[in-house]
Undergrad: 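First, the structure itself, so that you have it in front of you.
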Amino acid sequence: MGPKFSAKRALDDDQYLRITVLNALQAAIFVKPYCHSICLPGISIGELFEFPVRRCARIMIEMCINWSTLIHTAGIRHIKLMNWRKLEAEMFAQEMVKVQ
């Protein structure tokens, strides 16, 4: 579960989302130590938590890159970020292009 976004505490929410993504990645390697891929949904986006999609994408991509390059990932070869809605998936893809 991630943060419910508020413009008043956006920087705190960003940090909370970073921690949430890190915890999800770490949990994956402890729960399934021999898995080779992880799939994460867009955390906190949508009507309930209202995290801005592009902001979420940028943070999630940043954390996945940092985690995979700085932390022993126990054989993880693929991290997949998924979204059910096409528009959100496209926004995540656009943010990934910016990172590359």
Side-chain angles (χ1 to χ4, degrees):
M1 176 105 85
K4 177 162 177 44
F5 187 78
S6 167
K8 291 180 183 177
R9 53 176 208 279
L11 296 177
D12 289 338
D13 290 343
D14 289 353
Q15 189 61 21
Y16 185 27
L17 181 59
R18 285 183 184 94
I19 292 167
T20 302
V21 173
L22 177 62
N23 286 340
L25 292 166
Q26 287 295 104
I29 62 173
F30 290 114
V31 172
K32 291 282 190 181
Y34 301 106
C35 71
H36 299 289
S37 65
I38 300 170
C39 186
L40 296 174
I43 298 172
S44 288
I45 59 176
E47 296 173 13
L48 186 57
F49 292 100
E50 301 175 338
F51 213 97
V53 177
R54 289 188 190 281
R55 187 179 195 120
C56 175
R58 193 169 37 253
I59 290 169
M60 289 188 71
I61 292 165
E62 166 194 304
M63 289 308 297
C64 288
I65 291 170
N66 290 343
W67 181 79
S68 66
T69 57
L70 298 176
I71 297 177
H72 175 64
T73 58
I76 301 295
R77 288 179 260 175
H78 304 282
I79 301 173
K80 300 172 186 178
L81 301 177
M82 59 151 286
N83 291 284
W84 293 109
R85 296 182 198 153
K86 183 178 180 180
L87 178 62
E88 292 165 351
E90 289 171 351
M91 293 169 97
F92 267 70
Q94 291 166 1
E95 291 301 314
M96 180 58 94
V97 168
K98 289 178 186 178
V99 171
Q100 296 175 349

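Quick note: numbers below take in every heavy atom, side chains included, and nothing from hydrogens, waters or symmetry partners. For reference, positions follow the sequence shown, starting with 1.
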Undergrad: At their closest point, which heavy atom of L22 faces which heavy atom of M63, and how far apart are they?
TA: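 Of all heavy-atom pairs spanning L22 and M63, the closest is CB-CE, 4.1 Å.
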
Undergrad: Under 4.5 Å between side-chain heavy atoms, hopping through other hydrophobics if needed: is there a path connecting L11 to I59?
TA: no

Undergrad: Can you check whether P41 reaches N83 side chain to side chain, under 4.5 Å on heavy atoms?
TA: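 With C-beta onward as the side chain, the pair stays apart.
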
Undergrad: Test of understanding: clusters of I, L, V, M, F, W, Y form through side-chain heavy atoms closer than 4.5 Å, transitively. Do L87 and F51 belong to the same one?
TA: yes

Undergrad: Can you get from Y16 to F5 by hopping between Ile, Leu, Val, Met, Phe, Trp and Tyr side chains that sit under 4.5 Å apart?
TA: no

Undergrad: Evaluate V21 against W67 for side-chain contact (heavy atoms from CB on, under 4.5 Å), listing each step before the verdict.
TA: CA-CA 10 Å; V21 173; W67 181 79; over 6 Å; no

Undergrad: Step by step, would you call I45 with E88 a side-chain contact (heavy atoms from CB on, under 4.5 Å)?
TA: CA-CA 9 Å; I45 59 176; E88 292 165 351; 3.7 Å; yes

Undergrad: Looking at every non-hydrogen atom in both residues, tell me the closest pair between S68 and I79 and how far apart they are.
TA: CB-CD1, 4.3 Å

Undergrad: Rounded to the nearest 0.5 Å, how far apart are CZ of R18 and CG of N23?
TA: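 Going from the CZ atom of R18 to the CG atom of N23 covers 14.0 Å.
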
Undergrad: State, to 0.1 Å, how close C64 and L81 come at their nearest heavy-atom pair, and which atoms those are.
TA: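 Scanning both residues, the minimum pair turns out to be SG-CD2, 4.0 Å.
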
Undergrad: Taking all non-hydrogen atoms of both residues, which atom of M60 and which atom of G42 are closest, and how far apart?
TA: SD-CA, 4.0 Å

Undergrad: Got a second to check how far D14's CG is from R58's CZ, nearest 0.5 Å?
TA: 8.5 Å

Undergrad: Might you point out which heavy atoms bring I43 and G2 nearest each other, and give the distance in Å?
TA: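 It is CG2-CA, 3.9 Å.
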
Undergrad: Using the rule that Ile, Leu, Val, Met, Phe, Trp and Tyr join whenever any side-chain heavy atoms are under 4.5 Å apart, tell me whether L40 and I65 fall into a single cluster.
TA: yes

Undergrad: Report yes if some heavy atom in the side chain of H36 is under 4.5 Å from a heavy atom in the side chain of H78; otherwise report no.
TA: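 Of all side-chain heavy-atom pairs linking H78 with H36, none is under 4.5 Å.
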
Undergrad: Which heavy atom of C56 sits nearest to which heavy atom of F92, and what is that distance?
TA: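 Closest approach of C56 to F92: SG-CZ, 4.0 Å.
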
Undergrad: Calculate, to the nearest 0.5 Å, the distance between atoms NZ and OG belonging to K80 and S37 respectively.
TA: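 These two atoms lie 5.0 Å from each other.
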
Undergrad: Dump the intermediate steps for side-chain contact (heavy atoms from CB on, under 4.5 Å) on K4 and E50, then the final yes or no.
TA: CA-CA 6 Å; K4 177 162 177 44; E50 301 175 338; 3.2 Å; yes

Undergrad: Could you measure the distance from the CD atom of Q94 to the CD atom of E90? Nearest 0.5 Å is fine.
TA: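 Here the rounded value is 7.0 Å.
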
Undergrad: Between V99 and M82, is there a shared hydrophobic cluster once you connect ILVMFWY residues whose side-chain heavy atoms come closer than 4.5 Å?
TA: no

